[in-house]
> 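Okay, handing you the structure first.
Along the sequence shown, the residues carry numbers beginning at 1. The analysis underlying the following values was restricted to heavy atoms, covering all of them including side chains, and did not include hydrogens, waters or symmetry mates.
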Amino acid sequence: MISTTAATALLAVCVGSAGATPREDVPGWAAMVDAVSRDLGISRDQARTKLVRQAQAQRVAEALPDRVRANSPGWWIDEDTGMLVVAVTEPAAADLVRALGGEPRPVSRSRDDLAQLSRAVGELAGAGVPGLAGWGVDSIGNSVVVRVNPAKKNVATQQFLARVGELGAGVRVREVAASPEPQAGDVRPGNPWFPGYEGNCSVGFAAVDASGGKHFLTAGHCTNDRDQPAFGASGGQNRIGTSNVGGARSVFAREGDMGVVAVTEPGWNLSASVNTWGNAPVAVTGTTEPIVNQAVCHSGVASRWQCGRVTAVEQTVMYSSGPIDGMSFTTACSLGGDSGGAWVAGDKAVGLHSGGYPTCGPGNAPDQSLFQPVNEALRKWGLTLYTGGGNTGDTLAPSAPSDVRATSTTASSVTLAWTASTDNVGVAGYQVYNGSTLAATVQGTTATIGGLVAATSYSFTVRAKDAAGNVSPPSAPVTARTTDGGSRTFRSDTDYQIRDYQQISSPIRSTTTGSTAQIRVDVTAQHTCVEDLDIDVLSPSGRWYSLHDFGGYVCHPFGGTRSFTVPVSYEQAAGTWTLYIRDGGPGDIGYLDSWVITL
């Protein structure tokens with residue numbers, strides 16, 4: 001029997017059924033919290049709160065009346081409050097939004113105004129302009145953003161930008177670090193599917209048609225060949241079914257990047273379960289539409305389980321093959337081979353992976369990766385998302401982990417190890433508790449718990465979990481005490497001018513020892529518009545941590561010193577920490593005076 005879980009890699013995260021509050025005892029909830037915490041550079045508590053609020057905002061978005069949807073220039077999730085913010089141009093719409101629990105935001109440009117500007121950009125772009133990466137509406141800024149890769153600009157690009165400038169203040173130009181590419185790739189281990197004898201793509205979501213026929217959704221650039229055999233292994237092995245049956249089940253053009261594979265071969269069953277790459281599989285419960293500032297995660301054979309936030313929706317991306325409309329941009333990492341893989345927001349299917357930057361470095365760009373909204377694909381081919389199946393039959397819990405011990409301690413962390421549990425099918429992972437609080441979910445038999453207080457005793461227990469969601473009794477508790485600590489502070493007093501559409505970097509070399517679970521960064525600068533700035537820190541290990549995000553349509557000055565406290569992924573403190581400041585708007589004046597990092 002062919003393994004459907006390994007073959008389909010159908011990604012999801014459980015935060016409870018529609019209308020319910022996410023619970024940590026739902027299989028997959030911890031995986032989502034851990035991944036969002038890791039990739040957005042926030043604490044687990046912040047990630048948990050973000051996901052709960054996000055689920056509530058999604059329900060408000062789904063309840064918006066057609067009148068509001070038709071006229072609003074856009075809506076997004078507020079990063080601070082978690083509320084759904086809806087741009088409105090009339091008082092009646094504002095009252096409807098408030099009644100649903102959303103926050104109305106009056107704006108000057110209507111949905112039609114922005115659509116007209118976007119069409120004008122498209123007419124100027126034609127079949128393509130060197131360096132043009134795409135364009136689309138910026139809901140928060142109530143404008144249209146044109147993305148340009150400066151490394152590929154030439155005279156034609158300059159002429160295009162000059163004509164774009166004539167469209168007025170409603171259109172802004174933003175430079176990007178790279179141009180997006182469709183991400184089909186070479187054969188890689190994991191959960192791929194293979195179009196004929198070509199390199200692999202990744203499977204998206206299972207779906208059924210009106211007569212019960214089985215299918216899965218994936219990227220259109222993976223399914224462009226008519227009636228092509230689809231395999232579960234390289235070299236034409238383990239046939240799943242047929243891609244793009246009849247030649248009418250694949251799109252890779254202005255309409256989108258989406259395709260269908262018919263699952264026809266014996267032994268292949270649909271599954272709503274997904275591979276979170278090291279945690280228990282979970283299942284999707286439905287679909288949702290992408291929303292700006294929504295936390296999303298995706299699974300693919302190349303980059304595996306990666307998370308980020310949606311930065312823009314309804315965007316046009318300019319691939320080398322031509323423009324694709326209706327795409328959503330995110331900050332998440334992705335790599336070649338991820339194409340077609342599943343994107344989720346909470347326990348809801350949200351998209352099919354299309355493409356992104358060629359590498360994950362330096363990462364966290366506003367348009368790092370992009371996906372095709374899944375609802376459009378389901379509607380186009382009259383399919384229904386498959387939410388049945390999942391893991392059944394296994395009700396026996398693993399044995400409790402034994403010999404739990406502390407192998408090392410620092411002022412802010414404790415590293416634990418234990419002897420593996422046993423299970424009738426197999427152990428999928430372990431949950432580590434600090435007292436009664438879930439502190440970490442890991443696949444192996446070690447874990448480092450950070451964010452602790454110096455010179456303090458903690459009690460830890462560990463539980464094992466299998467793929468069916470059965471959880472073992474807790475291990476015997478172990479007590480560990482953190483070492484004495486103290487602040488470790490390093491400073492740079494080098495001045496840097498902050499220029500429009502440019503990025504500065506200021507390194508600091510740390511010579512301290514040990515690890516850190518939290519950093520404090522004090523930035524002393526002057527700038528006329530803090531809303532135009534992206535401020536990030538790059539750790540010695542190459543991870544990015546966001547201090548301040550670009551966004552907003554009213555400018556406020558950055559004056560004096562601002563402090564940012566950020567949880568980090570148990571980084572080694574020694575090495576070079578680099579502050580990056582990018583100015584994404586026009587007409588600004590500013591400079592960095594100094595910055596300080598406390599590890």
Side-chain angles (χ1 to χ4, degrees), residues 12-23 26 29 32 36 46-115 136-143 284-296 309-315 326 328-330 343-351 373-376 378-379 385 387 549 551-554:
V13 177
C14 276
V15 296
S17 60
T21 299
R23 297 177 295 124
V26 174
W29 170 246
M32 184 61 146
V36 169
Q46 290 171 319
R48 186 185 301 110
T49 299
K50 184 179 186 68
L51 290 171
V52 171
R53 290 176 174 174
Q54 175 173 297
Q56 296 166 345
Q58 287 169 192
R59 289 193 287 274
V60 174
E62 292 165 3
L64 289 174
D66 290 343
R67 173 184 173 184
V68 175
R69 289 178 173 275
N71 295 312
S72 172
W75 46 87
W76 60 93
I77 298 173
D78 186 270
E79 285 282 79
D80 295 326
T81 66
M83 292 181 63
L84 186 77
V85 182
V86 183
V88 296
T89 56
E90 55 181 12
D95 293 338
L96 291 171
V97 171
R98 289 191 193 94
L100 289 171
E103 177 187 337
R105 181 71 56 82
V107 295
S108 59
R109 298 183 184 92
S110 68
R111 185 182 188 89
D112 288 344
D113 292 337
L114 295 178
V137 172
D138 172 12
S139 300
I140 300 177
N142 195 225
S143 61
V284 289
T285 64
T287 65
T288 190
E289 293 289 345
I291 306 172
V292 172
N293 285 336
Q294 188 180 48
V296 289
R309 64 180 180 87
V310 175
T311 57
V313 299
E314 292 293 332
Q315 301 294 296
S328 295
F329 283 89
T330 83
W343 284 82
V344 295
D347 62 340
K348 301 298 189 290
V350 70
V374 70
N375 277 334
E376 184 181 0
L378 292 169
R379 288 191 297 265
L385 182 76
T387 57
D549 290 331
Y553 58 90
V554 177

> Do S139 and L114 make a side-chain contact, defined as non-hydrogen atoms from C-beta onward lying under 4.5 Å apart?
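Heavy-atom side-chain distance check fails, nothing below 4.5 Å.
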> To the nearest 0.5 angstrom, please state how far the CD atom of E314 sits from the CG atom of D138.
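That separation rounds to 14.0 Å.
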> Run the side-chain contact (heavy atoms from CB on, under 4.5 Å) test against Q315 and tell me which residues pass, sequence neighbours left out.
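Scan of Q315 (side-chain contact (heavy atoms from CB on, under 4.5 Å), adjacent residues dropped) gives R147, A312, F329.
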> Can you name the closest pair of heavy atoms from P73 and V107 and give their distance?
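Closest approach of P73 to V107, heavy atoms only: CG-CG2, 3.7 Å.
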> E79: what forms a side-chain contact (heavy atoms from CB on, under 4.5 Å) with it, not counting sequence neighbours?
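side-chain contact (heavy atoms from CB on, under 4.5 Å) check on E79 returns K50, N293, R309, D549.
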> Minimum heavy-atom separation for D78 and T81, please, with both atom names.
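Where D78 meets T81 most closely, the heavy atoms are OD1-N, 2.8 Å.
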> Would you give the length of the straight line joining atom CD of Q46 to atom CG of L51, rounded to the nearest 0.5 angstrom?
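Between atom CD of Q46 and atom CG of L51 there are 12.0 Å.
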> Is it the case that the side chain of R69 and the backbone of L64 share a donor-acceptor pair, with hydrogens and angles ignored and the cut-off at 3.5 Å?
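Pair found, side chain donor or acceptor close to backbone of L64.
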> Using the test side-chain contact (heavy atoms from CB on, under 4.5 Å), find all partners of T49 that sit at least two apart in sequence or belong to another chain.
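Partners of T49 by the side-chain contact (heavy atoms from CB on, under 4.5 Å) criterion, ordered by chain and then number, come out as R53.
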> Specify the closest pair of heavy atoms between A57 and G82, including all atoms of both residues, with the distance to one decimal.
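Of all heavy-atom pairs spanning A57 and G82, the closest is CB-O, 3.7 Å.
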> Quick one: are V350 and V296 in side-chain contact, heavy atoms under 4.5 Å?
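Answer yes - side chains close enough.
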> Nearest 0.5 angstrom please: L100 CG to R59 CZ, how far?
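Taking CG in L100 and CZ in R59, the distance rounds to 13.0 Å.
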> Is the closest side-chain heavy-atom distance between W75 and E103 below 4.5 Å?
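With C-beta onward as the side chain, the pair stays apart.
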> Search all heavy atoms of E289 against all heavy atoms of P373 and return the closest pair with its distance.
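Heavy atoms of E289 and P373 come nearest at OE1-CB, 4.5 Å.
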> Determine whether I77 and V85 make a side-chain contact, defined as any pair of heavy atoms from C-beta on separated by less than 4.5 Å.
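SC-SC contact between I77 and V85 ruled out.
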> Would you say the side-chain atoms of N142 pair up with the backbone N or O of R109, donor to acceptor, closer than 3.5 Å?
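It does hold such a pair.
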> For residues 86-99, run the donor-acceptor check on the side chains, cut-off 3.5 Å, and write out each pair with its distance to 0.1 Å, sequence neighbours left out.
{"unit_1": "E90", "atom_1": "OE2", "unit_2": "R67", "atom_2": "NH2", "d": "3.4"}
{"unit_1": "D95", "atom_1": "OD1", "unit_2": "R98", "atom_2": "NH1", "d": "3.1"}

> Main chain of I291, side chain of Q294: is a donor-acceptor contact present, judged purely on distance under 3.5 Å?
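Flag set: sc Q294 to bb I291 pair under 3.5 Å.
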> How far apart are the closest heavy atoms of V374 and A349, and which atoms are they?
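Closest heavy-atom pair between V374 and A349: CG1-O, 3.6 Å.
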> So N71 and R111, do their side chains get closer than 4.5 Å, heavy atoms only?
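Contact flag for R111/N71 side chains = no.
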> Do T330 and T311 have side chains that get closer than 4.5 Å, going by heavy atoms?
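T330 vs T311: side chains apart.
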> Restricting to side-chain contact (heavy atoms from CB on, under 4.5 Å), what partner residues turn up for E376, sequence neighbours left out?
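With neighbours one apart ignored, the set is E255, M258, Q372, R379.
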> Quick one: closest heavy-atom pair of L385 and T287, and the distance?
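Shortest heavy-atom contact: CD2-CG2, 3.7 Å.
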> Taking side chain to side chain donor-acceptor pair (under 3.5 Å) as the test, write out the residues that go with S143, two or more places apart.
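Counting only residues at least two positions away or on another chain, S143 forms a side chain to side chain donor-acceptor pair (under 3.5 Å) with R172.
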